[in-house]
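To keep things clear, I will list the structure first and then write my remarks on it.
Numbered from 1 within each chain, the chains take letters A, B, ... in sequence-line order. If you're wondering where the values come from, they're calculated on a predicted model, not measured in any experiment.
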There are 2 protein chains.
Amino acid sequence: MAKTDVLTLAILGILRDRPHHGYQIRKLLGVELGPFRALSYGSLYPCLRRMVEAGLIEASGDEPGNPTPASSRRARIAYSLTEAGRARLTTELANAGASSWDDDAFDVRFSLFAHTDAATRLRILEGRRSRLAERLEEVSEGLKRMHERHDAYTAELQRHGLEQVEREISWLDRLIENERSAPGGDHHGSASADH
Amino acid sequence: MAKTDVLTLAILGILRDRPHHGYQIRKLLGVELGPFRALSYGSLYPCLRRMVEAGLIEASGDEPGNPTPASSRRARIAYSLTEAGRARLTTELANAGASSWDDDAFDVRFSLFAHTDAATRLRILEGRRSRLAERLEEVSEGLKRMHERHDAYTAELQRHGLEQVEREISWLDRLIENERSAPGGDHHGSASADH
DNA sequence: TCTCCGATGTATCGGCGCGATACAACTGGT
DNA sequence: ACCAGTTGTATCGCGCCGATACATCGGAGA
């Protein structure tokens, strides 16, 4: 019951400042997380429905429930956070534990960093880093062990994966460094300011 | 009907040399593609069943269909390629078109490069490269356009994604270069030799 | 020797996310 | 006046995942 999935969290984050239509939510998510990582309508609308049922968001606008037959206007539904939704977002932002460092979860949480406190940011950053370090261990161990058993292409793929992980780790190190040297939160630009 | 999905292709590739149990298939896939990207049993067994139904693979071993009550041995099922399966693998390896450059598909195909001809390798490599180039375009365009509208963390996420894509493009460039300068296939080590 | 633990091994269930697809209305260009 | 593109809501089937259950076997330690 308490498990807030990533998609829900992302939507809560987008709806934080002002209401949006489903269509807009999808667009914004696509921009925020890069053009890849875009969610499809096949997940969006079911998720919105679930959130409405859970009382996290509210639908407003000319819903089909009110036919207004004269104007014949189509349904254009704007979703906005309820108090419960805003509360959920707050608690979820403060709670860094429980697999905030999975691949999908991490960038969603990262994109919400501006609304979090420095301690949580650091916790997530370091959690992600240690997870990546584990992977690094596994991959490089596997690389050693397979020396003769696999072809050059497979090895090349592994080496590339290894490099990607190393890159991301040093990226994280840079961010952690910045976060530590600016405990107030605002490390460059207007990160924790409202806008 | 003709659509061979990625998972099926990966399994065909693993079963190419010798039969394996489901458990082993999962392990091998995890090693080949890195410890992440591992498929779960919840996808493996259904996929194996589908492949058996499609006649691509064959199950052998003491199946539960033959109870052998005296020995009471549990089911340990070894899967092996049928002729149809081997044929499918061959045609699928030669066929580079139709989205061989999606994120998941690419590394599976790449891990099978040792069993392909140089022309196909080049086609896939270049297809992947141009797809990545498109993304690069989108992301950097988005980065420019959002200058004031987003916080520093979101921008940082974008920049990181951009760098990852750039990295992968130059990796691909290196591979393409190698592939071109060694048209026989064997660019370093024993890539296209049997083992 | 007995026992328990971890690796090997097969299998299913509920639920979620994706791609494809359909439909509707507004907007702007020619 | 028309057609194309964008905004917008919605569903269906199916693949895949995480969790879970259960069975067997080898070996390490009491």
Side-chain angles (χ1 to χ4, degrees), chain A residues 1 3-11 19-30 33 36-54 57 59-69 71-79 98-99 102-105 108, chain B residues 1 3-11 19-30 33 36-54 57 59-69 71-79 98-99 102-105 108:
Chain A
M1 205 123 178
K3 294 270 275 189
T4 310
D5 67 305
V6 209
L7 191 44
T8 299
L9 177 60
I11 295 178
H20 285 292
H21 292 170
Y23 190 85
Q24 294 174 315
I25 292 175
R26 183 179 183 260
K27 270 245 161 139
L28 289 172
L29 249 182
L33 274 25
F36 25 137
R37 198 60 100 223
L39 84 165
S40 74
Y41 295 119
S43 358
L44 214 212
Y45 288 105
C47 184
L48 286 173
R49 200 185 308 122
R50 265 175 280 152
M51 289 173 74
V52 170
E53 278 162 17
I57 58 177
S60 62
D62 28 350
E63 287 174 83
N66 182 15
T68 54
S71 67
S72 85
R73 281 201 147 277
R74 278 265 308 163
R76 304 181 76 249
I77 308 166
Y79 294 94
S99 69
D102 288 343
D103 281 324
D104 299 355
V108 170
Chain B
M1 208 117 177
K3 295 270 275 187
T4 310
D5 67 305
V6 210
L7 190 43
T8 299
L9 177 60
I11 294 177
H20 286 292
H21 292 170
Y23 189 85
Q24 293 174 315
I25 293 176
R26 182 176 184 263
K27 270 245 162 138
L28 289 172
L29 250 183
L33 273 26
F36 26 137
R37 199 60 99 223
L39 84 166
S40 74
Y41 294 120
S43 0
L44 215 212
Y45 286 106
C47 183
L48 285 174
R49 199 185 309 123
R50 267 175 281 152
M51 290 173 72
V52 169
E53 279 163 15
I57 57 177
S60 63
D62 27 350
E63 287 174 84
N66 180 15
T68 55
S71 67
S72 84
R73 281 200 148 279
R74 279 264 310 165
R76 304 180 76 247
I77 308 166
Y79 294 94
S99 69
D102 288 343
D103 282 323
D104 299 357
V108 169

Atom [atom1] of [X] to atom [atom2] of [N]: distance rounded to whole Å?
{"X": "Met51(A)", "N": "dG17(C)", "atom1": "CE", "atom2": "P", "answer": "12 Å"}
{"X": "Glu53(A)", "N": "dC16(C)", "atom1": "CD", "atom2": "P", "answer": "11 Å"}
{"X": "His21(A)", "N": "dA10(D)", "atom1": "NE2", "atom2": "P", "answer": "11 Å"}
{"X": "Arg76(B)", "N": "dA11(C)", "atom1": "CZ", "atom2": "C1'", "answer": "16 Å"}
{"X": "Asp103(A)", "N": "dC16(D)", "atom1": "CG", "atom2": "C1'", "answer": "16 Å"}
{"X": "Asp5(B)", "N": "dC18(C)", "atom1": "CG", "atom2": "C1'", "answer": "14 Å"}
{"X": "Arg26(B)", "N": "dA11(C)", "atom1": "CZ", "atom2": "P", "answer": "15 Å"}
{"X": "His20(B)", "N": "dG9(C)", "atom1": "NE2", "atom2": "P", "answer": "11 Å"}

Salt bridge (Lys or Arg N to Asp or Glu O under 4.0 Å) partners of Asp104(B), counting only residues at least two apart: Arg37(B)

With a 4.5 Å cut-off on side-chain heavy atoms, are [Y] and [X] touching?
{"X": "Leu28(A)", "Y": "Ile25(A)", "result": "no"}
{"X": "Thr8(B)", "Y": "Cys47(B)", "result": "yes"}
{"X": "Val108(B)", "Y": "Leu29(B)", "result": "no"}
{"X": "Tyr79(B)", "Y": "Ile11(B)", "result": "no"}

Looking only at side-chain atoms of [X], point me to the closest of [options].
{"X": "Ile77(B)", "options": "dG8(D), dA11(C), dG9(C)", "value": "dA11(C)"}
{"X": "Tyr23(B)", "options": "dT10(C), dG19(C), dT7(D)", "value": "dT10(C)"}
{"X": "Tyr79(B)", "options": "dG8(D), dA11(C), dG17(C)", "value": "dA11(C)"}

Using OP1 and OP2 only, check whether a side-chain N or O of Lys27(A) sits under 4.0 Å from dT6(D). no

So which atom in Ala38(A) and which in Gly30(A) form the shortest heavy-atom distance, rounded to 0.1 Å? CB-CA, 4.4 Å

Remember a base hit wins even if backbone is also touched, and classify Leu39(A) as base, sugar-phosphate or nothing at under 4.0 Å, heavy atoms. sugar-phosphate

Short question: side chain of Arg26(A), backbone of Leu44(A) - any donor-acceptor pair under 3.5 Å? no

Is there any protein nitrogen or oxygen under 3.5 Å from a nitrogen or oxygen in nucleotides 12-15 of chain C, and what are the pairs?
from	atom 1	to	atom 2	distance (Å)
dT12(C)	OP2	Arg49(B)	NH2	2.8

Looking at five pairs on each end of the helix from dT1(C)-dA30(D) to dT30(C)-dA1(D), what is the angle between the two axes, given to 10 degrees? 30°

What pairs with Tyr45(A) under side chain to side chain contact (heavy atoms under 4.5 Å, CB included), at least two apart in sequence or on another chain? Tyr41(A), Leu48(A)

Applying side chain to side chain contact (heavy atoms under 4.5 Å, CB included), name anything that partners Arg49(A), two or more places apart in sequence or on another chain. Glu53(A)

